[in-house]
> 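Got a structure for you, written out below as structure tokens; questions coming shortly.
So you know, we letter chains A, B, ... as the sequences are listed, proteins then strands, and number each from 1.
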2 protein chains.
Amino acid sequence: MAVTIKDVARLAGVSPSSVCRALADPARVRPETRESVERAARELGYHPNRVARSLITGRTANLGVVLPDLANPFFPSVVKSIQTQARRFDYAVFLSDTDEDPAVEVPAIRALAKQVDGFLLCSPRAPDEDLRSFAGEKPIVVLNRRITPFPSVTADSTGGMQQAVAHLHALGHRHLAYVAGPRTSWSNRDRQRGLRAATAARGMNLVEIGHVAPTVDGGAAAADLVLATPATAVLAYNDLIALGLIQRLQARGAEIPGQVSVVGFDDIPVAGLVGPPLTTVAIGKEQIGRVGVDLLLELMADAPARSAGPGRRAAARMPAAPARSVGLGRGAGPLPADAPGRRTASRDSTGTARRVLPTQLIVRGSTGPARQK
Amino acid sequence: MAVTIKDVARLAGVSPSSVCRALADPARVRPETRESVERAARELGYHPNRVARSLITGRTANLGVVLPDLANPFFPSVVKSIQTQARRFDYAVFLSDTDEDPAVEVPAIRALAKQVDGFLLCSPRAPDEDLRSFAGEKPIVVLNRRITPFPSVTADSTGGMQQAVAHLHALGHRHLAYVAGPRTSWSNRDRQRGLRAATAARGMNLVEIGHVAPTVDGGAAAADLVLATPATAVLAYNDLIALGLIQRLQARGAEIPGQVSVVGFDDIPVAGLVGPPLTTVAIGKEQIGRVGVDLLLELMADAPARSAGPGRRAAARMPAAPARSVGLGRGAGPLPADAPGRRTASRDSTGTARRVLPTQLIVRGSTGPARQK
DNA sequence: TTGAAAGCGTTACCAA
DNA sequence: TTGGTAACGCTTTCAA
């Protein structure tokens with residue numbers, strides 16, 4: 001049997017209430033009491049049961065992270081930054097990989113709902129209305145997608161696509177192809193939209209190639225379709241697809257970037273290591289996670305721990321989630337100051353936070369001058 | 001306020017006890033009762049609070065996964081397979097990334113301990129004795145390391161190194177270098193040991209290069225040291241280091257595999273995509289996670305939910321974790337049959353399970369004939 | 001077959 | 001400053 005607060009109380013010769021106080025708020029007990037409690041706790045190896053605690057406080061100190069596919073290197077980066085920031089505020093992280101199956105998302109959220117204080121949904125694939133059904137229930141921040149009424153953190157796809165198109169245009173490319181990712185992906189639509197605008201603005205030709213899985217295999221499957229178009233450069237929904245394109249294009253004997261230029265999106269960690277190194281649009285993957293956690297913390301501080309209407313007894317007395325400033329001001333670890341102007345913040349008409357992170361084209365070896373035709 | 005069992009009871013016109021029974025074990029209530037309860041639950045959107053439940057049953061239906069670095073592509077693969085298998089048995093997964101800091105591990109485990117039924121420690125870096133302190137407390141399965149008294153799942157490093165060395169020997173290499181990973185890594189020691197044995201058996205020369213971080217940067221940092229040795233081929237602790245080696249070796253003008261052959265370990269997903277494609281020793285990453293979960297489930301079925309000595313009242317009545325056979329026999333999803341002989345199982349003298357998974361050399365482009373000297 | 005009541009480990013409130 | 005008591009939501013035992 002695990003050691004409980006009662007064991008400590010008995011050994012320390014005080015009541016459980018005092019043990020609780022001594023441990024939670026040492027200032028509210030006599031120094032001697034505090035000391036004897038601390039000694040007893042140490043001696044017994046007592047660690048409070050967070051589960052029991054959460055039952056009464058309504059706070060679990062857990063965060064839920066739901067994402068489509070951990071095998072896509074983009075997501076581990078995001079999860080890692082979420083973890084780091086969550087740990088700073090003493091939150092543990094539940095992880096749920098839905099395997100790109102939109103139907104799994106809602107049950108996954110449901111299963112975790114009672115055990116977490118809030119959710120970070122990374123690139124969720126489920127329909128808006130399904131996700132919206134959780135609106136009143138739990139604080140939710142959405143990453144890489146915008147769904148009213150949730151706060152969101154997204155990347156500036158438009159800006160990224162503009163940079164990519166400007167780059168290709170300068171290299172002489174006039175005919176582009178885009179290999180689209182999952183139909184259910186908001187960011188695919190966002191990127192596609194940005195690309196259309198950018199090409200249209202320059203009067204360039206754009207061929208769009210069907211929806212493929214956001215994987216290397218998906219890219220490989222699209223490569224031959226690309227070769228059948230007049231495109232001299234191809235932009236992929238993400239780096240994995242770009243990598244698959246390169247693979248298969250090379251296998252078909254196409255030189256890259258000699259014959260075809262390839263541009264990815266995300267700048268996953270291996271992008272610079274492949275042959276040729278991938279030109280891609282970088283997103284601040286660490287920022288996404290960090291900013292996401294910060295927004296969620298804010299949201300949870302607003303929303304009472306026990307989700308109830310304002311004015312409820314519980315709502316009134318619950319200690320809210322630690323205010324964001326607590327940790328940011330002079331918390332445990334020093335926080336790197338943000339480079340000024342590095343991120344854009346805004347709120348929509350209802351006051352919902354929408355953070356749009358900047359993107360940056362990284363030019364590497366997979367793009368070059370358009371071939372003579 | 002979330003809907004509780006009382007709300008359902010009120011609407012259904014029965015007691016909370018009956019609601020509990022109706023939902024948990026429909027056979028033990030009158031059909032009419034069952035129906036009215038089910039209707040009420042549906043109408044109210046009732047979902048039992050697993051946290052409250054766990055307080056009394058002692059089961060959380062959560063698993064804790066602790067690993068050193070999600071940024072190493074090896075781990076997402078493992079986590080993904082853990083997730084998949086855990087979901088099959090209706091377990092949720094806590095993830096804790098320790099950032100390669102051995103000191104963070106114990107607190108991380110401690111923090112999760114009360115919220116999980118068991119742990120999967122992936123390549124833990126903490127000292128044996130620290131980890132052993134959890135021995136009686138929670139079921140723990142260790143991945144990529146062996147620590148008495150925990151069951152473990154490891155890869156056959158010796159076999160892998162033998163294959164790699166045989167390959168290099170056949171290509172004419174006689175002088176090898178090894179770039180070692182973290183000092184705290186058990187698998188580094190295991191691989192190093194295997195390599196020493198393999199080279200010694202063939203009378204080959206082996207130079208070992210200090211401990212570096214198991215990252216691309218770590219590999220890059222070791223590259224110049226490698227060039228300063230007579231080695232014509234270098235084996236890296238893992239693929240990330242191998243990738244860094246290749247990067248920097250190429251930057252120094254060394255042709256790969258012309259001048260230097262490079263061999264990695266793990267076969268991370270991108271290994272085949274880099275230039276040149278990486279020759280490496282593959283481990284069944286999906287198997288590691290799956291087998292790990294299976295072992296843990298077994299362990300939890302043995303250990304009572306409320307960790308107490310046998311004979312305790314709680315221990316006697318607690319529903320144990322679902323027996324492994326439940327899901328494996330004809331559970332929710334069909335399970336792919338294991339290829340016969342694909343894995344090795346054994347138990348040490350104390351009956352602790354030790355699974356050693358086979359390794360397989362994957363020959364790609366980063367190895368070739370030894371250069372003339 | 002059902003309901004009442006106890007209790008899981010903790011925190012919050014009130015009275016002392 | 002401290003202790004007793006109630007309560008969180010659920011499951012389980014016991015009695016009806």
> Pick from Gln83(A), Gln85(A), Arg59(A): which one makes a side chain to side chain donor-acceptor pair (under 3.5 Å) with Tyr91(A)?
Arg59(A)
> Send over the distance from Asn49(B) CG to dC8(C) P, rounded to a whole Å.
18 Å
> For Leu55(B) and dT12(D), give me the distance from atom CG to atom P, rounded to whole Å.
13 Å
> Would one find a side-chain N or O of Arg50(A) under 4.0 angstrom from OP1 or OP2 of dT10(C)?
no
> Between Glu35(B) and Arg39(B), does any side-chain N to carboxylate O distance fall below 4.0 Å?
no
> Can you work out whether Lys6(A) or Ala24(A) has the more 5'-proximal nearest nucleotide on DNA chain C?
Lys6(A)
> Which of the following nucleotides, dT12(D), dG3(C), dT2(C), is nearest to the side chain of Cys20(B)?
dT12(D)
> Could you go through the side chain to side chain contact (heavy atoms under 4.5 Å, CB included) check for Asn144(B) and Val153(B) one step at a time?
CA-CA 6 Å; Asn144(B) 295 317; Val153(B) 184; over 6 Å; no
> Name the closest nucleotide to the Ile56(B) side chain, picking from dT11(C), dG9(D), dG7(C).
dG7(C)
> Give a yes/no answer on whether the side chain of Ser18(A) brings an N or O atom under 4.0 Å of OP1 or OP2 in dT2(D).
no
> Expressed as a whole number of angstroms, how long is the span from Tyr46(A):OH to dT11(C):C1'?
10 Å
> Is Arg125(B) paired with Glu105(B) through a side-chain N to carboxylate O contact shorter than 4.0 Å?
no
> Looking at the side chain of Arg30(A), which of dT2(D), dT10(C), dA4(C) is the nearest nucleotide?
dT2(D)
> Look at the side chain of Val14(B) and decide which nucleotide, out of dC10(D), dG3(C), dT12(D), has an atom nearest to it.
dG3(C)
> In whole angstrom, what separates Arg59(A)'s CZ from dA12(C)'s P?
11 Å
> How about Leu63(A) and Leu296(A): do any of their side-chain heavy atoms sit closer than 4.5 Å?
yes
> Nearest-Å distance, CG (Leu23(A)) to P (dT11(C))?
8 Å
> By nearest heavy atom, map Lys114(A) and Ser15(A) onto DNA chain D; which one lands nearer the 5' end?
Ser15(A)
> On the nucleotide dG3(C), are OP1 or OP2 found under 4.0 Å from the side-chain N or O atoms that Ser17(B) carries?
no
> May I have the distance from Gln115(A) (atom CD) to dC8(D) (atom C1'), rounded to whole angstrom?
16 Å
